[in-house]
Amino acid sequence: MDQIMHGAPVDLSFRSLSRLTDAWTETPCSSLRPLKKNSERKYLSCSLRLSNNSITDLCDLHQTVCHFLAEPSHLAWLDLSFNKLSHIEQVLCELPGLRVLYLHGNSIYTLSEVDRLGVLPHLHSITLHGNPIEAYKTYRNRVISALPRLKTMDFGGVTQQERVLAKLWHQSNTRCRNSRKSLH
């Protein structure tokens with residue numbers, strides 16, 4: 001396990017991939033730390049970089065992770081930045097070991113989709129800047145409220161004051177929604 005956690009990332013960035021299945025025929029970039037493989041020729045890594053491509057959806061994410069990683073359930077760091085993703089897809093919620101998720105520089109426009117990531121018990125770092133959702137006035141409060149275990153967001157630390165404000169925002173927003181329902 002220790003060898004997997006400290007293995008070099010499987011880097012499939014800058015490949016002009018439009019679908020995840022296109023990655024299956026690619027050989028990851030080599031870095032300063034060489035990638036190690038097991039006897040089944042799967043990589044001993046917990047990190048997958050798919051940044052700077054043209055990926056539009058994540059329908060084959062599970063199969064892609066299984067294709068490359070010796071221990072797919074140990075995926076802890078996933079970089080999907082600078083692609084063409086427009087949604088935070090449910091498949092991301094099926095990565096229970098995920099700690100770091102980069103989604104910056106995409107086309108995500110539905111802020112409420114961040115809520116679904118709240119099921120990831122270890123997610124402590126996320127990037128979402130450079131997406132249309134960043135323009136919402138409640139952007140930071142909503143994300144911190146939905147993901148209370150965050151330590152960093154958009155490469156900046158989440159402060160205690162932001163946690164308090166996000167909690168107050170959430171309580172206020174919940175009360176407003178409940179009072180609107182009782183009026184109908």
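Below, each value reflects all heavy atoms present in this structure, side chains not excepted, and no hydrogens, waters or symmetry copies. Worth saying up front: this structure is predicted, and the values here are computed from it rather than measured.
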On a heavy-atom basis, which atom in [X] and which in [Y] lie closest, and how many Å separate them?
{"X": "F82", "Y": "N106", "answer": "N-ND2, 4.0 Å"}
{"X": "A23", "Y": "L17", "answer": "CB-CD1, 3.7 Å"}
{"X": "E89", "Y": "C59", "answer": "OE1-N, 3.9 Å"}
{"X": "S86", "Y": "E113", "answer": "O-OE1, 4.3 Å"}
{"X": "G130", "Y": "E134", "answer": "N-OE1, 2.9 Å"}
{"X": "R149", "Y": "L120", "answer": "NH2-O, 3.1 Å"}

Residues which pass side-chain contact (heavy atoms from CB on, under 4.5 Å) with [X], listed by chain and number, not counting sequence neighbours:
{"X": "K42", "answer": "N38, E40, A70"}
{"X": "P28", "answer": "V10, L12, L35, Y43, F68"}
{"X": "V119", "answer": "C93"}
{"X": "L147", "answer": "V114, L117, L123, I126, V143, L150"}

### Message
Test question: given the 4.5 Å side-chain rule for I, L, V, M, F, W and Y, name all other residues clustered with Y109, or answer none.
### Response
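Besides Y109, the hydrophobic cluster comprises nothing; the residue is isolated.
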### Query
Mind checking who shares a hydrophobic cluster with Y102, ILVMFWY linked at side-chain heavy-atom distances under 4.5 Å?
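Cluster partners of Y102: W77, V100, F155.
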What pairs with [X] under salt bridge (Lys or Arg N to Asp or Glu O under 4.0 Å), at least two apart in sequence or on another chain?
{"X": "E26", "value": "R15"}
{"X": "R19", "value": "D22"}
{"X": "D115", "value": "R142"}

Return the [atom1] to [atom2] distance between [X] and [Y], rounded to the nearest 0.5 Å.
{"X": "L85", "Y": "L92", "atom1": "CG", "atom2": "CG", "value": "8.5 Å"}
{"X": "H74", "Y": "S47", "atom1": "NE2", "atom2": "OG", "value": "13.0 Å"}
{"X": "L61", "Y": "L20", "atom1": "CG", "atom2": "CG", "value": "6.0 Å"}
{"X": "N53", "Y": "K84", "atom1": "CG", "atom2": "NZ", "value": "10.5 Å"}

Are the side chains of [X] and [Y] in touch, meaning some heavy atoms are under 4.5 Å apart?
{"X": "L95", "Y": "L101", "answer": "no"}
{"X": "M153", "Y": "I144", "answer": "yes"}
{"X": "H124", "Y": "R99", "answer": "yes"}
{"X": "S45", "Y": "L69", "answer": "yes"}
{"X": "L58", "Y": "L80", "answer": "yes"}

### Ring geometry between H129 and H104 (parallel below 30°, tilted from 30 to 60°, perpendicular above 60°)
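H104 vs H129 ring planes: parallel.
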### Task
Scan for side chain to side chain donor-acceptor pair (under 3.5 Å) pairs involving residues 55-66, sequence neighbours excluded, and state none if there are none.
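Applying side chain to side chain donor-acceptor pair (under 3.5 Å) to every pair that reaches into residues 55-66, excluding sequence neighbours, yields W24-T64.
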### Message
Give me each pair satisfying salt bridge (Lys or Arg N to Asp or Glu O under 4.0 Å) with a member in residues 160-169, each pair once, sequence neighbours excluded.
### Response
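Of all non-adjacent pairs touching residues 160-169, those that pass salt bridge (Lys or Arg N to Asp or Glu O under 4.0 Å) are R140-E162.
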### Query
Does the side chain of S13 come under 3.5 Å of the side chain of S51 through a donor N or O and an acceptor N or O?
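Yes.
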#### Entry: Under 3.5 Å donor-acceptor, N131 side chain and L128 backbone
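Yes, N131 side chain to L128 backbone: donor-acceptor pair under 3.5 Å.
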### Message
Checking T152 now: which residues fulfil side-chain hydrogen bond (donor to acceptor under 3.5 Å, both in side chains) with it, not counting sequence neighbours?
### Response
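With neighbours one apart ignored, the set is S125.
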